[in-house]
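Numbering of residues begins at 1 and proceeds along the displayed sequence.
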Amino acid sequence: MIIDNNPSLRMWRDIVHEFMDEKIGVEYCRECYANREYPHRIYDGVVENDWIGLLVPEEYGGQGGDMIEQVILLEALGKYGYDLGIPVAISSFSYGNLIEYGTEEQKQRFIPKLLDGEVRFSIGVSESGTGSDAASLQTRAERDGDHYVVNGEKMWQSAAHVDGNIINLYVRTDPDAEKHEGISALLVPNDLDGIEMTKLDTVVRKATGTNQVFFDDVRVPAENRLGAEGQGWEILTDHFANERTQISAAMVGNAQTVVDTALEYALEREQFGTSIAEFQTIKHRLADMQTEVDAARQLVYHAAEHIDHGTSPRRLAAQAKLKASETFQTVAQQGMQIMGGAGFLPENDMERYWREGKISTVGGGTSEIQRTIIASDMLENR
């Protein structure tokens, strides 16, 4: 793995894990989840350490870093809960669209505020009637002079409610065009008149939070459009590899903590006069869990390397997301089994990881969609 032979990357890994262990801690993450509180301390700490701009080019005040550094960061941020790493991941892969497709004026207007923590970004694609079939979105934006007037509804809008958030909103600007061609991308501040949000009472993503967002004649300046009108689908699909690689890193971070937690419990728990870690069935289960997490990490890092080399690894990112999410779900299920009744207690964290493992196979593209992408690539390149 690339990190093994790179002292600077190993040092970076130590720095970001030290941040999570000493500045944040598992108790804070547990409290945010239990109280449905956005993890401001994590996001603000990332801003204060100048890490939020890791992928922002130096010419705009960022670090000009690589995707491999970003996934190492997100693996650490997600270690005490995949949900807790999501705010930085969402903001990062969303501002990536601004870097790639934004005008110089847009970059000068938004990026300094991003780096200062004044604004952050989320993504607005899913609707009640359009999930995996994202190109069928119906939220409408009609041009009216130097504005677009937006009407419609978005669903599952994670972190969209936070103060200073700008939604990277995908809307239909040409209802007569083919469904993939009539979509545009707008940068929509969440405090514009006509926006109403309802925070959803889900059993997962309790800290970051997810929302249903309604748009009623919301006037968005035309200067906030990313790219050309009708270019939205290109922007969105171009971003998928970055999104899936980044969120998969947070999944791997949490999956590793699941294994570590289960191992520690097995060593401490005694039954029939000995530690249950001495039972072959537990040993084998732990061995399988660690092997799967290591394999998932390799895929995530491999996808990051491809991005750093200037390619958009559509298939590899789908494989990373599929492997990371299903591994996370599987090891969390195994962790619950190892811990028995203790796993259901919030103070032991495993039940929280178990729930987040489930959402990981749905959010950011379902496992079924990832398999479709992988198989399509296989057939096209056979």
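The shortest distance between side-chain heavy atoms of Val258 and Met289 falls below 4.5 Å. Side-chain atoms of Arg109 and Asn224, non-hydrogen and from C-beta on, do get closer than 4.5 Å to each other. Put simply, the side chain of Thr139 does not reach to within 4.5 Å of the side chain of Asn151, judged on heavy atoms. Under the 4.5 Å side-chain criterion, counting only non-hydrogen atoms from C-beta, Glu223 is not in contact with Gln106. Residues Glu234 and Tyr101 meet the side-chain proximity criterion, which asks for heavy atoms closer than 4.5 Å. Side chains of Phe328 and Thr361 form no contact here, defined as non-hydrogen atoms less than 4.5 Å apart. Between Tyr148 and Val218 the shortest side-chain heavy-atom distance does not fall below 4.5 Å. In this structure, Trp156 and Leu200 have side chains that are in contact, with non-hydrogen atoms separated by less than 4.5 Å.
Judged by distance alone, the side chains of Gln337 and Gln333 never bring a donor and an acceptor atom under 3.5 Å apart. Glu268 and Ser275 are not linked by any side-chain donor-acceptor pair at a separation below 3.5 angstrom, with hydrogens and angles left out of the test. Checked by atom type, the side-chain pair Trp233/Glu181 shows no donor-acceptor distance below 3.5 Å. Side-chain contact, Asp133 with Ser136: a donor N or O sits under 3.5 Å from an acceptor N or O. When only modelled atom types and interatomic distance are considered, Gln246 and Gln70 share a side-chain donor-acceptor pair under 3.5 Å.
Between Val149 and Arg219, the shortest heavy-atom distance links the atoms CG2-NH1, 3.6 Å. Smallest separation of non-hydrogen atoms from Lys179 and Arg172: O-NH1, 3.2 Å. Of all the heavy atoms in Glu356 and Ile359, the pair that sits closest is O-CG2, 3.2 Å. Shortest non-hydrogen contact noted between Val47 and Leu115 is CG1-O, 3.5 Å. Minimum heavy-atom separation, Lys321 to Val362: NZ-N, 4.2 Å. Pairing each heavy atom of Arg244 with each of Gly365, the nearest pair is NH2-CA, 4.4 Å.
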Distance-only criterion, 3.5 Å: show the donor-acceptor pairs between side-chain atoms of residues 18-26 and protein atoms not counting sequence neighbours.
unit_1	atom_1	unit_2	atom_2	d
Asp21	OD1	Lys79	NZ	3.1
Asp21	OD1	Tyr80	OH	2.6
Asp21	OD2	Lys79	NZ	3.4

Please tabulate, one pair per line, all N/O donor-acceptor pairs under 3.5 Å involving side-chain atoms of residues 158-171, not counting sequence neighbours.
unit_1	atom_1	unit_2	atom_2	d
Ser158	OG	Arg205	NH1	3.0
Ser158	OG	Thr210	OG1	3.4
His161	ND1	Asn211	ND2	3.1
Asn165	OD1	Ser122	N	3.3
Asn165	ND2	Ser122	OG	2.8
Asn168	OD1	Asn97	ND2	2.7
Tyr170	OH	Asn97	ND2	3.3

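The pair Arg352-Asp349 meets the salt-bridge criterion, since a charged nitrogen lies less than 4.0 angstrom from a carboxylate oxygen. Between Lys323 and Glu292 there is a salt bridge, with a side-chain nitrogen of the basic residue lying less than 4.0 Å from a carboxylate oxygen of the acidic one. Residues Arg297 and Asp294 are paired through a salt bridge, judged by an N-O separation under 4.0 Å between the basic side chain and the carboxylate. Ionic pairing of Glu75 and Arg13 is not present here: no N-O contact between side-chain nitrogen and carboxylate oxygen is shorter than 4.0 angstrom.
Applying the 6.0 Å contact sphere to NZ of Lys358 captures no more than 12 heavy atoms from other residues, nucleotides or ligands.
The CE atom of Met155 sits 15.5 Å away from the CG atom of Leu137 when rounded to the nearest 0.5 Å. Note that CE of Met378 and CD1 of Ile373 are 14.0 Å apart. Values are rounded to the nearest 0.5 Å. How far CD1 of Ile282 is from CG of Leu263: 11.0 Å, rounded to the nearest 0.5 Å.
Between Trp12 and Trp51, the two ring planes are perpendicular [angle over 60°; tilted spans 30° to 60°]. Classification of the His306-His302 ring pair by plane angle, with boundaries at 30° and 60°, yields perpendicular.
Both tests do not hold together for Arg355 against Tyr353: distance to the six-membered ring centre under 6.0 Å, angle to the ring axis within 45°.
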Does the side-chain contact (heavy atoms from CB on, under 4.5 Å) test come out yes or no for Lys154 and Ser126, once each step is laid out? CA-CA 6 Å; Lys154 292 292 181 180; Ser126 296; over 6 Å; no
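Residues Phe240 and Ile374 do not share a hydrophobic cluster, defined by chaining ILVMFWY side chains whose heavy atoms lie under 4.5 Å apart.
Of the possible polar contacts, none joining the Thr198 side chain to the Gln212 backbone as a donor-acceptor pair under 3.5 Å is found.
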